[in-house]
There are 2 protein chains.
Amino acid sequence: MERPELPLPQLHAFVVLAEELHFGRAAARLGIAQPPLSQQIRRLEDKVGHALFTREPGRVALTPVGHELLPVARRALSDLADGLAAARAVGSGRTGRLRIGFAASLALTVLPGLLRDFRQRFPEVRLEIREMTTAPQLTALRERTVDIGLLREPEEADRELDFRTVLTEPFVAVLSHGHPLAAGRTVRLADLAEAPFVLLPREAGPGLYDRILALCAGAGFVPDVVQDAVEWQTVCALVETGLGVSLAPASIRRIRLKGVAFRAIEPGAERTRVAVAWRKSDRNPLVAHLLATVSPQSQATR
Amino acid sequence: MERPELPLPQLHAFVVLAEELHFGRAAARLGIAQPPLSQQIRRLEDKVGHALFTREPGRVALTPVGHELLPVARRALSDLADGLAAARAVGSGRTGRLRIGFAASLALTVLPGLLRDFRQRFPEVRLEIREMTTAPQLTALRERTVDIGLLREPEEADRELDFRTVLTEPFVAVLSHGHPLAAGRTVRLADLAEAPFVLLPREAGPGLYDRILALCAGAGFVPDVVQDAVEWQTVCALVETGLGVSLAPASIRRIRLKGVAFRAIEPGAERTRVAVAWRKSDRNPLVAHLLATVSPQSQATR
DNA sequence: CGAGCCGATATCTCCGTGCGTATGGAGACA
DNA sequence: TGTCTCCATACGCACGGAGATATCGGCTCG
């Protein structure tokens, strides 16, 4: 890439003069006096090394050289103007691209509303959403391959990342329809002590996994995890077959499966948090816009 | 067209920095010290209104705004560089476009050699040739719709145009094979006094027409023009049918028609001139190149 | 032949920019 | 904690470019 030789203001003057073919009018359009325009053109011609206009009395016309340069100059100027406008639009957060990682369990709850609201407010922004479990989201945020994470039970303190709770929800017991505990309206945790458990693997989201184990520990038992599955959808399907029971965030009630019953936990003080995560250092206005869209509604989902 | 906001040198620095992502190395590539580079970028960011790079210790990266602006800046810079090179090529006469008007009768004689020589010396020049009679050529030259004219018997003095004789050639009598005069090797003009004539219309080329009439007047008669035709080809065809005879520049011998005979004029001192014409004020180097290509060869065509 | 139009030239001012050197400050690393 | 790297900041200088006004010179036209 060479050092630029032609100043843009001179090219601008050149283009205007090529349109007017009259120094006086062109100068007026440029908002300057006529002599400076003559100078501009002269300097430009010196740099190009050839005359760009023929000046015969009463007739200003492009030379072949000028004719060659004109479309180039015109295009460069308008490209730069357009590009600048586009860049500013990105800077203002009116347009651009936002990459969002999200936990699969949120695809049925917070995510649709969030996308809808955001798209409504910023229709020109391209949203790239990719399903990932919690741990990969944190990695992706640090590696800058996503800009926003939607995840459960994040570690609180982080040097690079910030979190904000989007919602908290209680846990529910997931039971097969035929299970004896499905008869009541609620379930005490201790009642699940002897039941085999189906859970998401710890690697997928250590935070949530550890929360669930802590819950059980609080009720005096260590769950017997007989199976894991990477999707809540699959967990429910396994529960339906009678393989075991599960503990899950209440929002998975949205998964409607015939043979599966969800029962609130008694007493139910424990809640799981869904958070939005982003890089503290991120100055992308779209991140701020998205954070503004997920107003910190602590409202619970029963 | 708006007044340009972004100085090219800053955009250049921006592009280089975006490639290096390192102020020190980018400055070295630009051949300047590091602080000036920081300033350039800062000023550019001020004008854009948004940061173009994130500077975290040990890591320089493009912001979304910078990412948006980069391809635009790159393209504008390279377009301008290319366009400038192209314009200079045109200015040097190495490339460009040259519009040539020519009399149809020359399509068989001087034109092919001229085009061949010129194309050989300037292969990158686009030649646009258009067949026109003499008078329209002069008009087209004045209106700048052609740059070069190839014509017969131009007026000598002209305020705007210059001429140079390319070749001179004698006149020949055009006779049908069956014509009594076709029996001899030469023809005296006076022998044609009673014959009906076929000629080009005067409007097509007054110079040549008047020359022919002057020739006849010199031989003591006024030709009886019974028919005109805008192409020599057609004139020959009409002569072949026995409609009449004609007087023409010798080069139309190239038109080989079975039933047509060409006979030299006795004594044959009178010659017709073929000239190249151009605008005196034309500074297009291609015009000079073409004039140099048609070296003033006064050699006659018999 | 004088008036008017149009572009070039001369001269001056001012400001932005580009570049330098010197220095500061924040992380990273040993 | 000291050092090194890397970028930002401060300050100064010089140049070019953009603008203005005044004037000149050529051409056209009434």
Can you find a side chain N or O atom of [X] that sits less than 4.0 Å from OP1 or OP2 on [N]?
| X | N | value |
| --- | --- | --- |
| B:Arg43 | C:dG18 | yes |
| B:His22 | D:dT5 | no |
| B:Lys47 | C:dT17 | yes |
| B:Ser38 | D:dC7 | no |

Could you tell me how far apart [X] ([atom1]) and [N] ([atom2]) are, to the nearest whole angstrom?
| X | N | atom1 | atom2 | result |
| --- | --- | --- | --- | --- |
| A:Leu37 | D:dG19 | CG | P | 9 Å |
| B:Ile32 | D:dA8 | CD1 | P | 13 Å |
| A:Arg55 | C:dA8 | CZ | P | 5 Å |
| A:His12 | D:dA18 | NE2 | P | 12 Å |
| A:Arg42 | C:dT11 | CZ | P | 14 Å |
| B:Leu44 | C:dG16 | CG | P | 17 Å |
| A:Glu20 | C:dG7 | CD | C1' | 16 Å |
| A:Ile41 | D:dA18 | CD1 | P | 11 Å |

(message) Regarding D:dA8, can its base be found pairing with the side chain of B:Gln39 as donor and acceptor, where the two atoms are less than 3.5 Å apart?
(response) no
- request: Flag the pair A:Asp82 / B:Val72 as yes when at least one side-chain heavy-atom distance between them is below 4.5 Å, and no otherwise.
  value: no
Counting the atoms with a prime plus P, OP1 and OP2 as sugar-phosphate, which does A:Pro35 contact under 4.0 Å by heavy atoms, base, sugar-phosphate, or nothing?
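The answer is base, as A:Pro35 lies within the cut-off (heavy atoms under 4.0 Å) of a base atom.
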Report which part of the nucleic acid A:Gln34 touches: base, sugar-phosphate, or nothing (heavy-atom distance under 4.0 Å, all strands). base
With B:Ile100 as partner, the option from B:Asp147, B:Leu290, B:Val146, B:Val276 fulfilling side-chain contact (heavy atoms from CB on, under 4.5 Å) is B:Leu290
Applying ring-ring contact (aromatic ring centres under 6.0 Å, His included) as the test, list every pair that has at least one member in residues 36-60 of chain B; sequence neighbours left out.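 Those involving residues 36-60 of chain B are B:Phe14-B:Phe53.
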So side-chain hydrogen bond (donor to acceptor under 3.5 Å, both in side chains) across residues 57-70 of chain A, not counting sequence neighbours, yields none
Can we say A:Glu56 and B:Arg279 salt-bridge, meaning some charged N sits less than 4.0 Å from an Asp/Glu carboxylate O?
->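 So A:Glu56 does not pair with B:Arg279 through a salt bridge.
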